[in-house]
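Some notes on the structure that comes next.
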2 protein chains.
Amino acid sequence: MRPVRRQQLHENVARQLRALILEGALSDGDRIIETALCAQLNVSRTPLREAIKTLTHEGLIEHRPNRGARVTKTTAKEMRQLFEVISGLEMLAAETVAASIKQSEFKRLKSLHDKMAMHHTAGERDEYFALNHQIHLKIVELSGNPILIETHASLMTRARHLRYQALAGQDRWMEAMEEHNGIMKAFEAGDAALAGRLMKQHVRRTGEVVEATFPAP
Amino acid sequence: MRPVRRQQLHENVARQLRALILEGALSDGDRIIETALCAQLNVSRTPLREAIKTLTHEGLIEHRPNRGARVTKTTAKEMRQLFEVISGLEMLAAETVAASIKQSEFKRLKSLHDKMAMHHTAGERDEYFALNHQIHLKIVELSGNPILIETHASLMTRARHLRYQALAGQDRWMEAMEEHNGIMKAFEAGDAALAGRLMKQHVRRTGEVVEATFPAP
DNA sequence: TACGCCTAAATTGTATACAATATACAATGT
DNA sequence: ACATTGTATATTGTATACAATTTAGGCGTA
């Protein structure tokens, strides 16, 4: 039986803060006044400060000593750099997975892929995106490397609120689906090098599109 | 004029804690009693707890709610997984650097490399190690990707106190030097794919050796 | 003896109080 | 009017106090 999930206040606060940032209630560059947020969230400063520290490590918040915290201002360039690192990690994951994936795991992945393809043809944007994200996550998970999974997750948090923009254009949408098809084929063939190369290209390309469609400063 | 470095107490505490762990004053699995450490370090619990949170994010400490913190027990397997992720990141760095390194930067890197080779032939272990580490760091830095640099640094912290074991054997020492030679040649030739491949192999191999020489549980 | 239940001590989590630092703005002199 | 300094206010950093939870051990009972 799996152990009960023990919650700490600062975890909830961190989650809420993350949500506030990702959904835009707090926008880039906004200063975070501890006491004000405390009142709003109805917690004391201690757990809030712990949450701020957490988000700082995730890169969503910047914190200068004695000058308080601000929501990180993300530039187009940083976005590309972020996706570049993610591409390196997902490449590693894809290689590992392609080399060792079990039949049953592949089937499960394939079913996700097929479902995504369906939504793609149907033009159902939100469902397509959700599955896309799930697939990338699944592949990293299948690597079986907890450190890889955790590192990846942390970086993805920063990229997340931009995912919609990423595939905004119809062209890229088409292209991305094609790339996913290629990756699945490489998995099926057990071609690790190919799977890795394709995945890297795919993520990197996504990063480039995000960079291009980024709101000009 | 560059701004004065503003220190926070919890940063110093974090540094000291890290040192305590890396030099073995606190060993794997040791419980960390907050009040005891506070007395020892002469700070209150607040900054210590912040430091603990920092090291938790770095993976040096594990923290279960209401049950306190423990120094992470690192298994051989986790070490290999750690190096695997690092290999992915350094591969990315090597590729980027090989494709775009400037003459002056290459010269500086080469001089580090040559100095390392010297210490290698002279059998000066400590100096060799220090330079080895510096070179890997330098290559990642030259990528010019802050996110890559930071992610890499964070993972390296966990691998650091095991670096000595890693190249313990004379055989591996020889091998590693050879691999470094190959990487430098790839840089010189501007062959990104080769540099990346070699770097990945090099780091992965290091991880395997670390895993093998790991004290049995 | 082994097991469960209860209580006390230890320890961690959260809130608050106090100290240090930064920011904003007025007063002063040039 | 402008720059500079001094002072008040706001805000963050650290210490401490209090609450909640876990851990350890004693006691009785089967």
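Just so it is clear, the structure is predicted and the values come from calculations on it, not from any experiment. To find a chain, count down the sequence lines: A is the first, B the second, and so on, and within it residues start at 1.
Under 4.0 angstrom from either OP1 or OP2 of C/dG13 there lies at least one side-chain N or O belonging to B/Arg49. Regarding contacts with the backbone of D/dT14, every side-chain N or O of B/Thr46 stays at 4.0 angstrom or more from both OP1 and OP2. For the OP1/OP2 pair of D/dT11 and a distance below 4.0 Å, the side-chain nitrogens and oxygens of A/His63 include no atom meeting the criterion.
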(message) One pair to check against side-chain hydrogen bond (donor to acceptor under 3.5 Å, both in side chains): B/Glu127 and B/His119. What are the steps and the verdict?
(response) CA-CA 6 Å; B/Glu127 290 85 350; B/His119 290 302; 4.9 Å; no

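Closest to the side chain of A/Thr35, from the set D/dT12, D/dT16, D/dG13, is D/dT12. For B/Arg67, counting side-chain heavy atoms from C-beta on, the closest listed nucleotide (D/dT23, C/dT14, C/dA22) is D/dT23. Among C/dA15, D/dT11, C/dT14, the nucleotide with an atom closest to any side-chain atom of A/Arg31 is D/dT11. Here the nucleotide nearest the side chain of B/Leu9, chosen from D/dT22, D/dT14, C/dA15, is D/dT14.
Atom CG in A/Asn42 sits roughly 8 Å away from atom P in C/dA15 (whole-Å rounding). Separating the CD atom of A/Glu34 from the P atom of C/dA22 is a distance of 15 Å, rounded to the nearest angstrom. Rounded to an integer number of Å, the gap from CG of A/Asn66 to P of D/dG13 is 5 Å. D/dT11 atom P lies 14 Å from atom CD1 of A/Ile32, rounded to whole Å. A straight line from CG of A/Leu37 to P of D/dT11 spans 12 Å, rounded to a whole angstrom. Atom CD in B/Glu50 sits roughly 8 Å away from atom P in D/dG13 (whole-Å rounding). Rounded to whole Å, the distance from CG on B/Asn12 to P on D/dT14 is 10 Å. The nearest whole Å value for the distance from the NE2 atom in B/His10 to the P atom in D/dG13 is 7 Å.
A donor and an acceptor atom, one from each side chain of A/His202 and A/His180, are located under 3.5 Å apart. Under 3.5 Å, the side chains of A/Arg172 and A/Thr206 contain a donor-acceptor pair of N or O atoms.
Under the 4.0 Å criterion applied to side-chain N and carboxylate O atoms, B/Arg204 and B/Glu208 are not assigned as salt-bridge partners. Using a cutoff of 4.0 Å between basic side-chain nitrogens and carboxylate oxygens, A/Glu34 and A/Arg45 are scored as salt-bridged.
When each of B/Pro47 and A/Gly68 is assigned the nucleotide of DNA chain D bearing its nearest heavy atom, the one mapping closer to the 5' terminus is A/Gly68.
With hydrogens and angles ignored, a donor-acceptor pair under 3.5 angstrom links the side chain of A/Arg45 to the base of D/dG13.
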